[in-house]
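A short write-up of the structure that comes next.
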Amino acid sequence: MKILVVCLGNICRSPLAEGVLLHLVKEKKLPITIDSAGTSNYHTDEAPDARTVANAKKHKIDLSPLRARQFIVEDFDVFDKIYVMDKSNLQNVLKLARNQSDKQKVDLFLNISHPNQNMEVPDPYYGGETGFENVFQMIWKTSDALLQRYQ
Ligand code: 4NP
């Protein structure tokens, strides 16, 4: 099983999901490959946002080796499931889908823990109310729920 998590910049939400999923996959010894990407190229090759890294570190998750990359159409060939953080990411990824099989791989990440509710993981990048810890909790719970499907 190969799972890709996607957001806009690949520096806040999706690298956090990648780091949490990698941590849980290792802990649970599951045969699952995890990667992340952004729909934009704004931060290509950059490390995750320092605020996201610092918050993850509080939970013993090390995001510092990760580097941003842009989602590419070939990701549809490599990955079995593609989870996006918000509806804008969903539109951007679906625009690149070549056929029904590509489209069927894509879903909102929070539909794992909140089926059919089409909820979004809010973007913490611009600060404000959202908060990095709040996003961490959402991503942790949903990552755990996702991997329970493969245990
Ligand atoms: P992310 O957050 O999509 O969770 O990585 C963002 C990071 C950077 C930008 C937007 C969202 N940006 O516009 O630079």
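In what follows, residues are counted from 1 in the order of the sequence shown. First listed ligand is number 1; within each ligand, the first listed atom is number 1. Here the structure is a predicted model, which means the values were calculated and not measured.
Side-chain atoms of Arg51 never come within 3.5 Å of backbone atoms of Phe132 as a donor-acceptor pair (strictly under, hydrogens ignored). Without hydrogens or angle criteria, Asp35 side chain to Leu4 main chain gives no donor-acceptor distance under 3.5 Å.
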For a quick test of your reading: what N or O donor-acceptor pairs under 3.5 Å do the side chains of residues 101-108 make, sequence neighbours left out?
from, atom 1, to, atom 2, distance (Å)
Asp102, OD1, Arg98, NH2, 3.2
Asp102, OD2, Arg98, N, 2.9
Asp102, OD2, Arg98, NE, 2.7
Asp102, OD2, Arg98, NH2, 3.3
Lys105, NZ, Phe76, O, 2.6
Lys105, NZ, Phe79, O, 3.0
Asp107, OD1, Asn111, ND2, 3.0

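For the residue pair Asn92 and Asn89, no side-chain donor N or O sits within less than 3.5 Å of a side-chain acceptor on the partner.
Near ligand 1, Cys7, Leu8, Gly9, Asn10, Ile11, Cys12, Arg13, Tyr42, His43, Asp123, Tyr125, Tyr126 each place a heavy atom less than 4.0 angstrom from the ligand.
With sequence neighbours left out, Lys57 forms a side chain to side chain contact (heavy atoms under 4.5 Å, CB included) with no residue at all. By the side-chain hydrogen bond (donor to acceptor under 3.5 Å, both in side chains) test, Gln91 pairs with no residue at all, sequence neighbours left out.
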